[in-house]
Visitor: 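One structure coming up, written as structure tokens, with questions to follow.
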Amino acid sequence: MKIASWNVNSLKVRLPHLGQWLADAQPDIVALQETKLEDAKFPVDELAAAGYQAVYSGQKTYNGVAILAREPPADVVTDIPGLDDPQRRILAATIGPLRVVDLYVVNGKAVGDEKYAYKLEWMARVREFLAREHERHPNLVVLGDFNICPDDRDVYDPVAWGEDILCSPPEREALKAITELGLHDSFRLFESEPGHYSWWDYRQAAFRRNMGLRIDLILIGEALKPAAKAAGIDREPRRWERPSDHTPVTLELDI
DNA sequence: ATGGTTGAAAGTCAA
């Protein structure tokens with residue numbers, strides 16, 4: 001089974017890219033972020049024609065998450081219980097043997113900004129939610145755009161980035177508090193070297209110069225670790241015309 | 001250094 005996560009930065013613009021990539025990569029489950037679409041405008045029919053059922057939680061202009069799957073998603077959750085948040089950033093569903101949680105983590109803008117405080121608060125609430133999900137579902141997959149570089153290997157220039165947004169110690173601690181629930185960064189089960197990124201800024205020819213960050217992650221519960229066979233980052237769609245600034249990340253599970 | 005580029009939407013805001 002192949003699982004993927006992709007921040008498409010507008011599903012309206014990127015629907016052709018997604019269609020091409022689904023045909024090329026043949027994933028079984030895909031978590032999308034930044035769909036930027038109201039639910040009424042979600043391209044259900046186009047994706048069904050490609051062989052995928054979809055669940056989605058979107059809004060106009062900003063945010064928006066979706067899960068595509070070959071098997072029907074069930075037990076869908078679109079909000080963190082007790083957190084009244086209009087921003088559409090989380091989506092959970094059960095697909096076959098897996099519980100899948102798609103996250104579009106708050107960017108935070110800059111350390112000290114009010115959005116940064118919201119990011120840390122949101123991460124703490126997500127951690128509580130994931131702790132409960134993991135108790136109920138050992139086969140838990142948590143994936144998405146985390147907007148946090150786990151460590152300096154995931155940053156093209158760690159000295160320049162320093163402790164700025166996406167790399168600050170409180171953000172990394174918030175991510176660590178989630179991985180310490182027994183949720184492993186699957187990419188690092190297979191690759192320990194630096195220089196592998198999932199996002200490159202649109203500016204300054206960052207992709208061509210490989211000035212990127214690895215902020216798109218697929219975390220798996222301890223119970224799934226033996227099933228993990230390969231993890232990857234598919235840079236090909238980042239080379240296409242009018243690309244998203246993120247590229248798909250993948251995980252092969254023998255399940 | 002707060003630059004430049006893209007998306008949504010129509011002047012800016014968010015990333």
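Here is how names work: the chains are called A, B, and so on, in the same order as the sequence lines, proteins then strands, and each is numbered from 1.
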Visitor: Quickly work out the A:Tyr202 OH to B:dA8 C1' distance and round it to whole Å.
Guide: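 That distance rounds to 12 Å.
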
Visitor: What distance, rounded to whole Å, do you find between the two P atoms, one in B:dA1 and one in B:dA15?
Guide: 24 Å

Visitor: Between A:Arg99 and A:Glu133, does at least one N-O distance fall below 4.0 Å, as a salt bridge requires?
Guide: yes

Visitor: Can you tell me, in whole Å, how much space there is between the P of B:dG3 and that of B:dT12?
Guide: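 It comes out at 15 Å once rounded to the nearest Å.
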
Visitor: With rounding to whole Å, what would you report as the distance between B:dG4 and B:dA8 at their P atoms?
Guide: 22 Å

Visitor: For A:Tyr104, which contact category applies under a 4.0 Å heavy-atom criterion: base, sugar-phosphate, or nothing?
Guide: sugar-phosphate

Visitor: Could you tell me how far apart A:Trp199 (CH2) and B:dA15 (C1') are, to the nearest whole angstrom?
Guide: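 My rounded result for the distance is 8 Å.
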
Visitor: Would the A:Trp21 and A:Trp6 ring centres measure less than 6.0 Å apart?
Guide: yes

Visitor: Separation of A:Lys12 atom NZ from B:dT6 atom P, in whole Å?
Guide: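 One finds 18 Å between P of B:dT6 and NZ of A:Lys12, rounded.
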
Visitor: Between A:Arg89 (side chain) and A:Tyr104 (backbone), is there a donor-acceptor pair under 3.5 Å?
Guide: yes

Visitor: Look at all strands and tell whether A:Arg238 reaches a base, only sugar-phosphate, or nothing, counting heavy atoms closer than 4.0 Å.
Guide: nothing

Visitor: Output yes when A:Glu135 and A:Arg132 qualify as a salt bridge under the 4.0 Å nitrogen-oxygen rule, no when they do not.
Guide: no

Visitor: I want to verify a distance call: between B:dT6, B:dC13, B:dA8, whose nearest atom is closest to the A:Tyr62 side chain?
Guide: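 My answer, after comparing the listed nucleotides, is B:dC13.
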
Visitor: Please report the distance, rounded to the nearest Å, between CG in A:Leu15 and P in B:dG7.
Guide: 14 Å

Visitor: Let me know the distance between CG of A:Leu11 and C1' of B:dT6, rounded to the nearest Å.
Guide: 16 Å

Visitor: Rounding to an integer number of Å, can you tell me how far A:Glu34 CD sits from B:dC13 C1'?
Guide: 13 Å

Visitor: Does A:Arg203 put a side-chain nitrogen or oxygen below 4.0 Å from OP1 or OP2 of B:dA15?
Guide: no

Visitor: Could you tell me whether A:Lys60 contacts a base, only the sugar-phosphate backbone, or nothing, with contacts defined as non-hydrogen atoms closer than 4.0 Å?
Guide: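 Touches sugar-phosphate only.
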
Visitor: Of all the nucleotides listed (B:dC13, B:dA8, B:dG4), which has the minimum atom distance to the side chain of A:Ser10?
Guide: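 Of B:dC13, B:dA8, B:dG4, B:dA8 is nearest to the side chain of A:Ser10.
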
Visitor: Closest to the A:Lys115 side chain: B:dA14, B:dG7, B:dG4?
Guide: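 The answer is B:dA14, which lies nearest to the side chain.
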
Visitor: When you compare B:dA14 with B:dA9, how far apart are their P atoms, in angstrom units rounded to a whole number?
Guide: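 After rounding to an integer number of Å, I get 14 Å for this pair.
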
Visitor: Without swapping roles, check the side chain of A:Asn63 against the backbone of A:Gln87 for a donor-acceptor pair under 3.5 Å.
Guide: no

